[in-house]
Colleague: 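What follows is a structure written as structure tokens; I'll ask about it next.
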Amino acid sequence: LHLKMQPSVVIDKYLTKEPDGSYVVASSPCPFLQSDNYCSIYPARPAACREYPHTNRKKMHQIIDLTIKNVAVCPAVQQILQRIETSLR
């Protein structure tokens, strides 16, 4: 409703379905990221966005592949992983 579109239109226009049945944004950068780097749907953003970069999970080892992919697109994830590595030494 935030986009004033039917959910099916949002899905068709912006998302792709993963093999596990979940939906993810089909393009990068996110189509809702504005030129000032603010999210245009911030108040209505999905849970995956609210939880990003997913580095505060108790069982982070379960999503380590995703975390490594996020390093390539998010400098904050790289810094978080470096801090974790430093703390483990």
Side-chain angles (χ1 to χ4, degrees):
L1 293 175
H2 185 81
L3 295 173
K4 298 181 179 23
M5 296 178 177
Q6 292 293 322
S8 61
V9 175
V10 173
I11 289 168
D12 290 344
K13 187 170 182 174
Y14 298 111
L15 306 178
T16 187
K17 197 171 193 176
E18 294 283 287
D20 68 0
S22 64
Y23 287 96
V24 295
V25 176
S27 63
S28 183
C30 177
F32 305 113
L33 186 65
Q34 301 172 117
S35 61
D36 60 2
N37 282 334
Y38 282 91
C39 175
S40 64
I41 62 164
Y42 190 83
R45 70 196 188 282
C49 296
R50 287 192 304 273
E51 296 168 1
Y52 187 84
H54 314 288
T55 53
N56 63 345
R57 291 183 177 204
K58 290 181 181 180
K59 297 181 181 181
M60 193 174 139
H61 65 279
Q62 293 175 337
I63 58 158
I64 198 67
D65 292 341
L66 174 63
T67 304
I68 291 168
K69 287 179 186 177
N70 287 340
V71 167
V73 296
C74 182
V77 176
Q78 183 176 18
Q79 290 176 7
I80 291 166
L81 289 182
Q82 287 172 342
R83 288 180 188 162
I84 292 170
E85 180 182 15
T86 301
S87 72
L88 294 175
R89 289 183 187 165

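FYI, the numbering just counts along the sequence from 1.
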Colleague: With rounding to the nearest 0.5 angstrom, report the CG to CG distance, Asp65 to Asn70.
Modeller: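 Asp65 atom CG to Asn70 atom CG measures 11.0 Å (nearest 0.5 Å).
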
Colleague: Take atom CD in Gln6; do more than 12 heavy atoms of anything else shown fall under 6.0 Å from it?
Modeller: no

Colleague: Looking at Tyr38, is its backbone amide N or carbonyl O close enough to the side chain of Gln34 to form a donor-acceptor pair, meaning the two atoms are under 3.5 Å apart?
Modeller: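 Side chain of Gln34 to backbone of Tyr38, a donor-acceptor pair under 3.5 Å: yes, one is there.
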
Colleague: Do Val24 and Leu15 come within less than 4.5 Å of each other through their side chains, counting heavy atoms only?
Modeller: no

Colleague: Is there a continuous path of hydrophobic side-chain contacts, each under 4.5 Å between heavy atoms, that joins Val25 to Tyr42?
Modeller: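 As far as the 4.5 Å side-chain criterion goes, Tyr42 and Val25 are not connected within one cluster.
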
Colleague: Side chains of Arg45 and Tyr52, heavy atoms from C-beta outward: is any pair under 4.5 Å?
Modeller: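 Side chain of Arg45 against side chain of Tyr52, heavy atoms only: no contact under 4.5 Å found.
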
Colleague: Should Phe32 and Met5 be counted in the same cluster of Ile, Leu, Val, Met, Phe, Trp and Tyr side chains packed under 4.5 Å apart?
Modeller: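 In one cluster: yes.
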
Colleague: Mind listing the closest non-hydrogen atom pair of Thr67 and Val77 along with its distance?
Modeller: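 In terms of heavy atoms, the two residues are closest at O-CG1, 3.7 Å.
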
Colleague: To the nearest 0.5 Å, what is the distance between CZ on Arg57 and CG on Leu66?
Modeller: 7.5 Å

